[in-house]
*Asks:* 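Dropping a structure here in structure tokens format, bear with me for questions.
So you know, we letter chains A, B, ... as the sequences are listed, proteins then strands, and number each from 1.
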Amino acid sequence: MPELPEAETVRRGLALTVLNSKIEDIEVFDQRCLKKHPGGSEDFQNLMRGRSFSAAVRRGKFIWMPLDIEGFALVMHLGMSGQALIRTQDYQPESQVRLQMNLENGLQFRFSDQRLFGSLMVDQLQPVEGNSSGYSPETEVQTEIPSSVAHIARDPLDAEFDLDSVKRKIKNRTAGIKHVILDQQLVSGVGNIYADESLWRARLHFNQPANSISSRKLTELFSHIKDVLSEAVEQGGTSFDQQYKNINGQSGYFSQNLNAYGQTGKPCNRCGRLIARKSWENRGSHFCPACQRIRKQKLK
DNA sequence: AACACATCCTGACTGC
DNA sequence: TGCAGTCAGGATGTGT
């Protein structure tokens with residue numbers, strides 16, 4: 001499932017292929033991929049046709065591409081199974097393509113999505129607090145953010161990520177720590193895979209009450225989160241099944257480095273005890289029952 | 001404010 | 001072999 005590293009791999013790919021090339025035509029095969037676009041399919045096509053993208057920006061798992069109309073951007077979220085594929089226009093048809101756009105440079109942008117949790121929309125940009133709104137190193141610094149993304153917190157790889165502020169907020173939270181780090185309004189970019197991996201590295205149980213974790217331990221956890229995310233970016237993301245691909249349709253390699261997620265029944269790489277999987281809050285949580293125990297007292 | 005829970009969706013897999 | 005049921009889970013909205 002696409003999380004920050006997968007979104008970043010896609011963002012990079014788009015930045016290298018689709019910028020500054022006019023959108024010549026758009027075909028919508030399934031309107032449900034535009035359910036977040038207020039005006040529907042026809043309005044989407046009218047807004048996009050003849051325009052071009054000036055940058056590819058990411059915050060957390062959201063990607064947006066400002067258009068050459070002042071103040072608007074295409075916003076994309078891959079959801080559970082979304083893929084942004086860049087093909088030549090004569091490339092073979094692929095399954096689950098919900099929408100495609102032909103560009104003047106001969107390439108075709110395909111939005112493929114099995115489960116339709118992903119979405120595309122054209123949204124208005126608004127000014128952001130701070131120096132930049134998201135990550136877009138190939139182009140000039142972006143200072144605007146789509147309205148629909150404005151509530152999403154900065155991610156741990158963002159230069160303006162404020163660890164102290166996040167830690168202060170966590171001190172008020174009684175929910176399990178995994179629930180808290182999956183809250184995109186507190187810290188963005190972390191999903192089920194990297195949450196399990198980070199907690200494994202920090203030796204924290206997913207249901208350890210967040211407010212029982214010491215400041216020092218939280219710092220350690222966020223250091224692991226940052227490491228896991230950046231290592232996965234280097235590997236092109238995690239392809240655990242057929243759901244995540246880069247813009248060329250290729251898999252990422254981080255799945256070879258997983259220590260917890262999907263490792264049920266395999267020995268823990270630290271202590272040898274078998275990794276367990278528990279269903280928790282409608283998700284699978286993978287952990288080592290020996291290394292990651294709930295502590296009753298305040299965690300140091 | 002934080003929490004708990006429902007909703008969206010379809011292909012792969014499991015068990016009878 | 002076929003069919004029904006279960007599972008995968010990110011974001012959002014509602015009610016408490």
Side-chain angles (χ1 to χ4, degrees), chain A residues 1-8 10 29-38 58-64 75-84 94-99 111-121 123 145-155 165-199 206-213 225 229 232 237-245 251 255 258 260-265 277-287:
Chain A
M1 56 240 54
E3 304 179 29
L4 184 153
E6 294 72 35
E8 174 56 20
V10 168
F29 304 113
D30 192 325
Q31 303 214 4
R32 289 174 297 177
C33 71
L34 295 175
K35 59 181 174 245
K36 294 220 170 160
H37 183 82
R58 182 190 55 73
R59 175 184 289 203
K61 308 171 194 175
F62 282 85
I63 297 168
W64 68 92
V75 181
M76 175 167 68
H77 194 289
L78 299 173
M80 293 294 301
S81 52
Q83 300 178 7
E94 290 166 288
S95 60
Q96 291 140 12
V97 174
R98 310 297 186 178
L99 178 151
F111 185 74
S112 160
D113 190 4
Q114 182 209 106
R115 276 174 250 177
L116 287 159
F117 278 37
S119 65
L120 296 171
M121 72 183 291
D123 196 12
I145 191 164
S147 308
S148 57
V149 188
H151 66 291
I152 297 296
R154 291 188 183 272
D155 60 67
S165 159
V166 171
K167 279 164 58 179
R168 279 196 297 276
K169 289 173 186 160
I170 292 179
K171 295 222 160 79
N172 298 322
R173 307 282 294 260
T174 57
I177 185 62
K178 179 168 171 180
H179 180 95
V180 170
I181 61 175
L182 289 173
D183 179 353
Q184 306 296 304
Q185 299 188 48
L186 183 77
V187 48
S188 68
V190 180
N192 206 38
I193 296 177
Y194 300 110
D196 282 0
E197 289 304 304
S198 306
L199 292 169
F206 54 82
N207 204 18
Q208 182 75 41
N211 62 358
S212 74
I213 302 172
I225 291 174
L229 294 176
T238 300
S239 297
F240 203 75
D241 51 25
Q242 293 305 305
Q243 302 303 359
Y244 163 69
K245 306 277 185 182
S251 297
S255 51
L258 294 173
Y261 184 86
Q263 307 305 302
T264 314
R277 178 186 181 283
K278 265 197 179 166
S279 194
W280 183 70
E281 292 193 343
N282 296 322
R283 285 187 167 87
S285 281
H286 311 74
F287 67 110

*Asks:* Roughly how far, to the nearest 0.5 Å, is CG of A:D113 from NE2 of A:H77?
*Replies:*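 Between A:H77 NE2 and A:D113 CG, I get 11.0 Å after rounding to 0.5 Å.
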*Asks:* Measure from the side-chain heavy atoms of A:F117 and tell me the nearest of C:dG10, B:dC3, B:dG11.
*Replies:* C:dG10
*Asks:* Tell me: CD of A:Q114 to P of B:dC8, nearest whole Å?
*Replies:* 17 Å
*Asks:* Give the ring-plane orientation class for A:W280 versus A:F206, where under 30° counts as parallel, over 60° as perpendicular and anything between as tilted.
*Replies:* tilted
*Asks:* Expressed in angstrom and rounded to an integer, what is the separation of A:D30 atom CG from B:dC8 atom C1'?
*Replies:*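 Result: 13 Å.
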*Asks:* Each nucleotide in nucleotides 11-16 of chain C should get exactly one letter: B, S or -. Can you fill that in based on protein heavy atoms under 4.0 Å?
*Replies:* SS----
*Asks:* Would you indicate, yes or no, if C:dG9 has its OP1 or OP2 atom less than 4.0 angstrom from a side-chain nitrogen or oxygen of A:Y194?
*Replies:* no
*Asks:* Using a cut-off of 6.0 Å, state whether more than 12 heavy atoms not belonging to A:K278 lie near its atom NZ.
*Replies:* no
*Asks:* Does a side-chain heavy-atom distance below 4.5 Å link A:L34 with A:R98?
*Replies:* no
*Asks:* Rounded to the nearest 0.5 Å, what's the gap from CD1 on A:I213 to CD1 on A:I170? Could you check?
*Replies:*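 With rounding to 0.5 Å, CD1 (A:I213) is 7.5 Å from CD1 (A:I170).
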*Asks:* For the pair A:M76 and A:F111, evaluate side-chain contact (heavy atoms from CB on, under 4.5 Å) and give the outcome as yes or no after the intermediate values.
*Replies:* CA-CA 10 Å; A:M76 175 167 68; A:F111 185 74; 4.0 Å; yes
*Asks:* Taking only side-chain nitrogens and oxygens of A:N192, does any of them come within less than 4.0 Å of OP1 or OP2 of C:dG9?
*Replies:* yes
*Asks:* Under 4.0 angstrom, heavy atoms only, what part of the nucleic acid is A:Y244 near: base, sugar-phosphate, or nothing?
*Replies:*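 No contact.
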*Asks:* Can you tell me how far C1' of B:dT10 sits from CZ of A:R32, to the nearest Å?
*Replies:* 9 Å
*Asks:* For A:S148 and A:K36: C-alpha separation, side-chain torsions, deciding distance, then whether side-chain hydrogen bond (donor to acceptor under 3.5 Å, both in side chains) applies.
*Replies:* CA-CA 10 Å; A:S148 57; A:K36 294 220 170 160; over 6 Å; no
*Asks:* Judged by each residue's nearest nucleotide on DNA chain B, which is more toward the 5′ side, A:A175 or A:N282?
*Replies:*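 Upstream on the strand: A:A175.
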*Asks:* Starting from P on B:dA2, measure out to NZ on A:K171 and report it in whole angstrom.
*Replies:* 14 Å
*Asks:* Using 0.5 Å steps for rounding, measure from the CG atom of A:L4 to the CD atom of A:E8.
*Replies:* 7.0 Å
*Asks:* When you measure from the side chain of A:M80, which nucleotide among B:dG11, C:dG10, B:dC3 comes out closest?
*Replies:*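 Out of B:dG11, C:dG10, B:dC3, the nucleotide with an atom closest to A:M80's side chain is C:dG10.
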*Asks:* When the distance from CZ of A:R115 to C1' of B:dC13 is rounded to whole Å, what number comes out?
*Replies:*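 To the nearest whole Å, that distance equals 12 Å.
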*Asks:* For atom CD of A:E281, is the number of surrounding heavy atoms from other residues, nucleotides or ligands below 6.0 Å larger than 12?
*Replies:* yes
*Asks:* Could you check whether A:E3 and A:Y244, counting side-chain N and O atoms only, form a donor-acceptor pair closer than 3.5 Å?
*Replies:*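 Their side chains do not contain a donor-acceptor pair, so the 3.5 Å distance test is not met.
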*Asks:* Using a cut-off of 4.0 Å on non-hydrogen atoms, how would the nucleic acid contact of A:G118 be classed: base, sugar-phosphate, or nothing?
*Replies:* nothing
*Asks:* Taking the axis from the first five pairs and the axis from the last five, what angle separates them in the helix from B:dA2-C:dT16 to B:dC16-C:dG2, rounded to 10 degrees?
*Replies:* 40°
*Asks:* From CD1 of A:I177 over to P of B:dC3, roughly how many Å is that when rounded to an integer?
*Replies:*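 Computing the A:I177:CD1 to B:dC3:P distance gives 11 Å.
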*Asks:* Under 4.0 Å between a side-chain N/O of A:R173 and OP1 or OP2 of B:dA1, yes or no?
*Replies:* no
*Asks:* To the nearest Å, how far apart are A:Q83 CD and B:dT10 P?
*Replies:*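 The answer, rounded to whole Å, is 16 Å.
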*Asks:* Which part of the nucleic acid, if any, lies within reach of A:T174 when heavy atoms closer than 4.0 Å are counted: base, sugar-phosphate only, or nothing?
*Replies:* sugar-phosphate
*Asks:* In whole angstrom, give the distance that lies between atom NZ of A:K178 and atom C1' of B:dA4.
*Replies:*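 Result: 17 Å.
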